[in-house]
S.K.: 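Mind having a look at this structure? Questions to follow.
Below, each value reflects all heavy atoms present in this structure, side chains not excepted, and no hydrogens, waters or symmetry copies.
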Amino acid sequence: MAKFSKSTVPQFSVDVYQNEFLPEGGRDVSAIVTVTSTGGGTGGPQPLAPAGAGAAGVVIMVDCSGSMDYPSTKMRGAREATAAAVDTLRDGTSFAVVAGTHVAKEVYPGNGRLAVADARTRAEAKESLRRLSAGGGTAIGTWLRLADRLLSSAELTIRHGILLTDGRNEHESPEELRAALDSCAGRFTCDARGVGTDWEVKEVTGIASALLGTADIVADPSALADDFTTMMEKAMGKGVADVALRLWTPVGVEIAFVKQVAPTVEDLTGRRTEAGPRAGDYPTGSWGDESRDYHVSVRVPQAVVGQEMLAARVSLIAPDPLGGDPKPLSQGLVRAVWTDDLAMSTSINPQVAHYTGQAELADVIQQGLDARKSGDHDGATAKLGRAVQLAAASGNADTAKLLSKVVDVVDAATGTVRLKAKVAEADEMTLETRSTKTVRVKR
């Protein structure tokens with residue numbers, strides 16, 4: 001039987017922030033659930049893994065379609081970035097490199113297997129990158145399916161992909177890509193990057209969303225190496241995989257939604273899998289040393305003043321490394337108390353208010369950009385003006401800066417803006433790609 005070191009197991013804590021007080025007959029209960037993991041990430045002990053088995057497996061998928069040669073700096077930047085990522089691999093990590101066109105091809109090590117990182121294999125992998133050349137089309141679903149097969153070929157605790165593309169997924173249908181994402185979901189996580197400005201934002205962000213990774217734009221190919229290094233460092237910091245947020249509710253309680261709201265907005269409501277009577281699991285992917293916030297909204301039965309109830313129990317669930325049943329790592333309680341004190345029942349919890357605004361911010365940015373693309377200038381001005389107002393009110397300086405490249409801000413407090421006549425394509429794509437990034441509420 002594999003042995004595990006207790007010191008390598010990340011410790012999870014759950015904190016619940018809410019106003020539990022409802023007026024008589026009130027039914028809607030919201031809570032922000034902060035989940036914090038410590039002791040399993042970068043700078044700490046090695047990630048959790050069976051003795052003698054690789055803790056992590058990473059497959060790097062590099063777009064090698066013909067457009068990567070226009071300009072040639074994209075292909076050169078991709079090689080350099082992949083080499084930098086390989087250099088960042090921790091000894092003992094399983095890895096592979098895949099070249100993606102209208103088909104997927106193994107670049108290193110080949111033969112349907114993963115290499116184990118050490119000085120020799122890292123040098124071999126970097127030498128193999130000389131064979132990367134541009135030519136062919138783009139069928140991202142085939143890249144993902146090959147990554148899945150490779151990651152399934154070894155006993156791994158953490159399974160992760162890094163995907164780089166520079167163009168639209170033109171050589172397979174949206175349905176084929178969706179089928180590949182559905183097949184890979186829950187099997188590995190994946191960070192996706194778009195280089196240049198000829199790719200489709202919704203495709204790249206959709207890949208990252210489905211596979212519980214991050215998405216971003218790298219407009220300048222010379223910045224790819226730094227970005228790949230950062231992504232790989234974070235992947236190497238993951239200590240536990242397949243963590244789920246389990247929500248148990250009493251009889252009569254309805255679930256309105258479950259969303260991740262920090263560090264990015266991600267609606268998890270439709271990803272629920274049943275986990276026993278009145279319980280469901282929502283996937284959160286892999287964790288290192290980090291903290292994330294989730295917004296849980298439920299509807300409770302009506303009750304009279306003085307009554308109180310448990311509205312929901314939130315637990316963190318991870319696979320048992322010894323093969324037993326999953327066990328809760330930590331849990332928090334969401335309560336409902338009915339009162340006739342108007343001040344108590346109408347007070348909005350600051351954390352709930354903050355993240356409600358952050359979720360709206362992500363929505364109105366997307367709506368504003370869509371309206372701008374369709375020629376609806378009045379609609380775009382209204383939505384992006386609201387976005388400027390929300391960003392200013394919440395202190396989201398990064399998003400405010402990105403918005404200022406798309407609109408001229410007349411008055412941030414009232415959301416009064418004018419659309420810019422000319423907007424750089426990279427600026428618009430950066431705003432769209434990063435629209436779901438949030439700022440943490442000040443406790």
S.K.: Should we say atom OH of Y70 is surrounded by more than 12 heavy atoms from elsewhere, each under 6.0 Å from it?
M.R.: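 At most 12 heavy atoms, drawn from other residues, nucleotides or ligands, come within 6.0 Å of this atom.
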S.K.: Can you check whether R193 reaches V204 side chain to side chain, under 4.5 Å on heavy atoms?
M.R.: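 Side chain of R193 against side chain of V204, heavy atoms only: no contact under 4.5 Å found.
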S.K.: For R418, does the CZ atom sit with more than 12 other heavy atoms under 6.0 Å from it, leaving out its own atoms?
M.R.: no
S.K.: Which pair of heavy atoms, one from L329 and one from A318, lies closest together, and at what distance?
M.R.: CD1-CB, 3.7 Å
S.K.: Should K202 and D370 count as an ion pair when the cut-off is N to O under 4.0 Å?
M.R.: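 Salt bridge: yes.
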S.K.: Please say whether more than 12 non-hydrogen atoms of neighbouring residues, nucleotides or ligands are located less than 6.0 Å from NZ in K401.
M.R.: no
S.K.: Walk me through whether V314 and Y294 qualify under side chain to side chain contact (heavy atoms under 4.5 Å, CB included).
M.R.: CA-CA 10 Å; V314 184; Y294 298 87; over 6 Å; no
S.K.: Does a donor on one side chain and an acceptor on the other come within less than 3.5 Å for D427 and T430?
M.R.: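 Absent: no donor and acceptor within the cut-off.
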S.K.: Can you check whether A371's main-chain N or O pairs, donor with acceptor, with S374's side chain at less than 3.5 Å?
M.R.: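 Between the backbone of A371 and the side chain of S374 there is a qualifying donor-acceptor contact (under 3.5 Å).
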S.K.: Answer yes or no: is there an ion pair linking E432 with K373, defined by an N-O contact shorter than 4.0 Å?
M.R.: yes
S.K.: Are more than 12 heavy atoms, taken from residues, nucleotides or ligands other than K420, located less than 6.0 Å from that residue's NZ atom?
M.R.: yes
S.K.: Is it the case that S222 and D220 place a side-chain donor and acceptor less than 3.5 Å from each other?
M.R.: yes
S.K.: Verify whether one side chain among H295 and S30 offers a donor that lies under 3.5 Å from an acceptor in the other.
M.R.: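 S30 and H295 do have a side-chain donor-acceptor pair below 3.5 Å.
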S.K.: Using a 4.5 Å cut-off on heavy atoms from C-beta on, say whether the side chain of S133 contacts that of M68.
M.R.: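 A side-chain contact is absent here, since even the closest heavy-atom pair is not under 4.5 Å.
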S.K.: Assess whether atom CG of D325 is packed by more than 12 heavy atoms of other residues, nucleotides or ligands within 6.0 Å.
M.R.: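 Open.
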S.K.: Salt bridge check: are R272 and E274 linked by an N-O gap of less than 4.0 Å?
M.R.: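 The answer is yes: the pair qualifies as a salt bridge.
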S.K.: To the nearest 0.5 angstrom, please state how far the CZ atom of R440 sits from the CZ atom of R292.
M.R.: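 Going from the CZ atom of R440 to the CZ atom of R292 covers 10.5 Å.
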S.K.: Would you please test V98 and M61 for side chain to side chain contact (heavy atoms under 4.5 Å, CB included) and show each step?
M.R.: CA-CA 5 Å; V98 167; M61 293 161 274; 4.2 Å; yes
S.K.: Is the shortest distance from a Lys or Arg side-chain nitrogen in K234 or E290 to a carboxylate oxygen in the other one below 4.0 Å?
M.R.: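 E290 and K234: not salt-bridged.
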S.K.: With a 4.0 Å cut-off on N to O distance, would you call R271 and E266 a salt bridge?
M.R.: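 Salt bridge between R271 and E266, a charged N being under 4.0 Å from a carboxylate O: yes.
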S.K.: Are the side chains of E106 and L146 in contact, using a 4.5 Å heavy-atom criterion?
M.R.: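 A side-chain contact under 4.5 Å exists here.
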S.K.: Compare all side-chain heavy atoms of V261 with those of T438 and state whether any distance is below 4.5 angstrom.
M.R.: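 Not touching, per the 4.5 Å side-chain cut-off.
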S.K.: Judged by modelled atom types alone, do D281 and T273 share a side-chain donor-acceptor pair under 3.5 Å?
M.R.: no
S.K.: Only counting residues at least two apart or in another chain, list the ones meeting salt bridge (Lys or Arg N to Asp or Glu O under 4.0 Å) with D198.
M.R.: none
S.K.: Compare all side-chain heavy atoms of V265 with those of Y355 and state whether any distance is below 4.5 angstrom.
M.R.: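 They are not in contact (no side-chain heavy atoms under 4.5 Å apart), so the answer is no.
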S.K.: Is the closest basic N to carboxylate O distance between K126 and D87 below 4.0 Å?
M.R.: yes
S.K.: What I'd like to find out is whether the side chain of I32 reaches to under 4.5 Å of the side chain of H354, using heavy atoms alone.
M.R.: no
S.K.: Hey, is the main chain of S291 close enough, under 3.5 Å, to the side chain of T36 for a donor-acceptor pair?
M.R.: no
S.K.: Is it the case that more than 12 heavy atoms not belonging to R187 sit under 6.0 Å from its CZ atom?
M.R.: no
S.K.: Taking atom types as modelled, is there a side-chain donor on T138 or H171 under 3.5 Å from an acceptor on the other?
M.R.: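 Note: T138 and H171 side chains miss the donor-acceptor criterion.
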S.K.: Under a 4.0 Å threshold between the charged nitrogen and the carboxylate oxygen, would K437 count as salt-bridged to D216?
M.R.: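 Salt bridge flag = yes for K437 with D216.
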S.K.: Taking the side chain as everything from C-beta on, heavy atoms only, tell me whether R76 gets closer than 4.5 Å to T73.
M.R.: yes
S.K.: Check whether any side-chain heavy atom of F228 sits under 4.5 Å from a side-chain heavy atom of I60, and report yes or no.
M.R.: yes
S.K.: Kindly say whether N396 contributes a backbone atom to a donor-acceptor pair with the side chain of T399 at under 3.5 angstrom?
M.R.: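 Pair absent, no side-chain N/O of T399 close to backbone of N396.
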S.K.: Quick one: does any side-chain atom of Q358 pair with a main-chain N or O of V439 as donor and acceptor, under 3.5 Å?
M.R.: yes
S.K.: Measure the spacing between CZ of F257 and CG of L268 and express it to the nearest 0.5 Å.
M.R.: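 Reported value, rounded in 0.5 Å steps: 11.5 Å.
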S.K.: Walk me through whether D191 and T214 qualify under side-chain hydrogen bond (donor to acceptor under 3.5 Å, both in side chains).
M.R.: CA-CA 5 Å; D191 294 324; T214 64; 2.9 Å; yes
S.K.: Return yes if some donor-acceptor pair links the side-chain N/O of T249 with the main-chain N/O of A312 below 3.5 Å, else return no.
M.R.: no
S.K.: Given side chain to side chain contact (heavy atoms under 4.5 Å, CB included), test T121 with L89 step by step and report yes or no.
M.R.: CA-CA 11 Å; T121 58; L89 287 163; over 6 Å; no
S.K.: Could you go through the side chain to side chain contact (heavy atoms under 4.5 Å, CB included) check for Q367 and V364 one step at a time?
M.R.: CA-CA 5 Å; Q367 292 165 10; V364 293; 4.2 Å; yes
